[in-house]
Amino acid sequence: MTFQPKSDFLKIMMERRFVADCTDYSRLDDALCDGIVPAYIGFDATASSLHVGSLMQIMMLRWLQKTGGKPITLMGGGTTKVGDPSFRSDERPLLSPDQIDQNIAGIKTAFSAYITYGDGPSDAVMVNNAEWLDKLNYLDFLRDIGRHFSVNRMLSFESVKSRIDREQSLSFLEFNYMILQAYDFLELHQRYGCMLQMGGSDQWGNIVNGIDLSRRIADAGVFGLTSPLLETSDGKKMGKTQDGAVWLNADMRSPYEFWQFWRNTTDADVGRFLKLYTELPLDECDRLAALQDAEINHAKIVLANEVTTLLHGAEAAAKAESTAREVFEKGGVGDDLPTVTLSAEDVGSGISVVQLIVKAGLVKSGKEAKRLIAENGARMDDVALSDAGQMIDAEALQTPIKLSAGKKRHALVQLAS
């Protein structure tokens, strides 16, 4: 792209490869140079924590605030009741209002680590779209808002078209999602002067609809900016691992496990992850990414430390690195390994090593644990396990037992005192 931005925000977004597309680069750049631009990203409450797959959008909000913009984090208390159908093969499971509220409470935890909330001009605000969506009168909404949407145009958007082309059912409920998201943009513009919606490239159609609706009803000059949908170099979805999602909340993924996820980054991804998920200078990102052979491990440790520091703090990052060195370099246990504490009732007269591996969260089922043992991938206190029927009694658990799945996943299991 030949466009050369003048604003700090767009310059950073483009240099660090956050940008997939923009509705109007030049006019958005001018607006960013002229004053404070309020911008939002929406987060539906489908789980009680966001995971690493949302971290690129959170970093966009962080950079927006650091360059003088005003972040708006929109919680989808209303839209979660419908479910975003974008590029899905089936309908999302519907959650109760209580489940949604509980999920929103959990999701809020991570944001304060990245952006500052308050009453200042560039301080972030957190809003729940249930404030306006729950109060809508259906007939009034159809007459005042629905008339601005062309079904023909909505069917042409790739997120919908791909579902229909595959002959996969798209419910009327899901089809309404893009109208509700467009209405969110209009409401945020009218309430907070919001000028920009950001999101993943799968949201392009929804964002364009919101811009068009805001122009038609409020004569608003608003913009859209999307980030690429990120996969790792080996084609895996960002934020997913063998043992599940890499959650941002510490109670769902410990700081050590979070650190370890980034330490295990493949060589080919180190450079772009440094640019996207840390604030290190670009030349330092390039220098680290250029390291070869064993030296690339240093770059991975830097990446893990920087990303973990942003979310969990410098002390947690240092502790995670120390534990990793203890476990991998010295063959020790490490103070910060994920720890599962069992009661005497859990253990009873004895518990199988298969059950222990499952309870430690290293695999999801006993079948997986047995396969891991059969393939010589499981170890207890650094000794390979060969007998899936091996029993562990309460006396053995008086001292914490280290369980390992492969070379990179470890946990401690102990008996409650």
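Note that these values count all heavy atoms, side chains included, but never hydrogens, waters or copies made by symmetry. Starting from 1, each residue takes its place in the sequence as its number.
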Task: Qualifying residue for side chain to side chain contact (heavy atoms under 4.5 Å, CB included) with Ile72, from Leu64, Ile41, Val127 - done: Val127

Open item on the list: Looking at Asn249 and Met252, would you say the former's side chain and the latter's main chain have a donor-acceptor pair under 3.5 Å?
Closed with: no

- [ ] Side-chain contact test, heavy atoms from C-beta onward, threshold under 4.5 Å: evaluate it for Val52 versus Met238 and give yes or no.
- [x] yes

TODO: Assess the side chains of Tyr177 and Asp44: does a donor N or O sit below 3.5 Å from an acceptor N or O?
DONE: yes

Task: NZ/NE/NH1/NH2 to OD/OE distance under 4.0 Å, Arg371 and Glu368 - done: no

Open item on the list: Less than 4.5 Å apart, side chain to side chain, heavy atoms only: is that true for Leu282 and Arg287?
Closed with: no

Open item on the list: Whether the Glu326 and Thr323 side chains hold a donor-acceptor pair (N or O, under 3.5 Å, no angle test) is what I'd like checked.
Closed with: no

Open item on the list: Using a 3.5 Å distance criterion without hydrogens, assess whether the side chain of Thr308 forms a donor-acceptor pair with backbone atoms of Ala304.
Closed with: yes

Task: Exam field: side chain Asp387 to backbone Gly389, donor-acceptor pair closer than 3.5 Å - done: yes

Open item on the list: Does this structure show an ion pair linking Glu15 with Lys11, if we count only N-O contacts that are shorter than 4.0 Å?
Closed with: no

TODO: Measure the CD1-CG distance between Ile145 and Asp140 for me, rounded to the nearest 0.5 Å.
DONE: 10.0 Å

Task: Least distance between heavy atoms, Leu274 atom then Arg16 atom - done: O-NH1, 3.8 Å

- [ ] Determine whether Ile296 and Leu288 make a side-chain contact, defined as any pair of heavy atoms from C-beta on separated by less than 4.5 Å.
- [x] no

Please table the atom pairs, donor to acceptor, closer than 3.5 Å between any side-chain atom in residues 189-197 and protein atoms at least two apart or in another chain.
residue: His189; atom: ND1; partner: Cys194; partner atom: O; Å: 2.9
residue: Arg191; atom: NE; partner: Glu187; partner atom: OE1; Å: 2.7
residue: Arg191; atom: NH2; partner: Glu187; partner atom: OE1; Å: 3.4
residue: Gln197; atom: OE1; partner: Tyr40; partner atom: OH; Å: 3.2
residue: Gln197; atom: OE1; partner: Gln181; partner atom: NE2; Å: 2.8
residue: Gln197; atom: NE2; partner: Tyr40; partner atom: OH; Å: 3.1

TODO: Indicate whether the side chain of Asn264 and that of Gln260 have a donor and an acceptor atom separated by less than 3.5 Å.
DONE: yes

- [ ] Check whether the side chains of Ser352 and Gln390 place a donor and an acceptor atom closer than 3.5 Å, and report yes or no.
- [x] no

Open item on the list: Do Ser7 and Asp29 pair up side chain to side chain, a donor and an acceptor below 3.5 Å, judged on atom types alone?
Closed with: yes

Task: Lys275 bridged to Asp286 by N-O distance under 4.0 Å - done: yes

Task: Any side-chain heavy-atom pair of Leu61 and Met198 under 4.5 Å - done: yes

Open item on the list: Regarding Asp8 and Lys66, does a basic nitrogen lie under 4.0 Å from an acidic carboxylate oxygen?
Closed with: no

- [ ] Please examine the side chains of Leu276 and Phe18, heavy atoms only from C-beta on, and report whether any two atoms are closer than 4.5 Å.
- [x] yes

Task: Heavy-atom check, side chain of Val19 versus side chain of Thr226, under 4.5 Å - done: no

TODO: Working to the nearest 0.5 Å, report the span between OH of Tyr183 and CG of Asn176.
DONE: 14.0 Å

- [ ] Please tell me if the side chains of Leu356 and Leu342 come closer than 4.5 Å, counting only heavy atoms from C-beta onward.
- [x] yes

Open item on the list: Is a donor from one side chain sitting under 3.5 angstrom from an acceptor on the other, for Tyr117 and Thr73?
Closed with: yes

Task: Shortest non-hydrogen contact from Asp269 toward Arg272 - done: OD1-NH2, 3.0 Å

- [ ] Please find out if less than 6.0 Å separates the ring center of Trp247 from that of Phe258.
- [x] no

TODO: With sequence neighbours excluded, tell me which residues meet salt bridge (charged side-chain N to carboxylate O under 4.0 Å, His left out) with Asp134.
DONE: Lys81

Task: Within-4.5 Å side-chain heavy-atom neighbours: Val37 and Lys70 - done: no

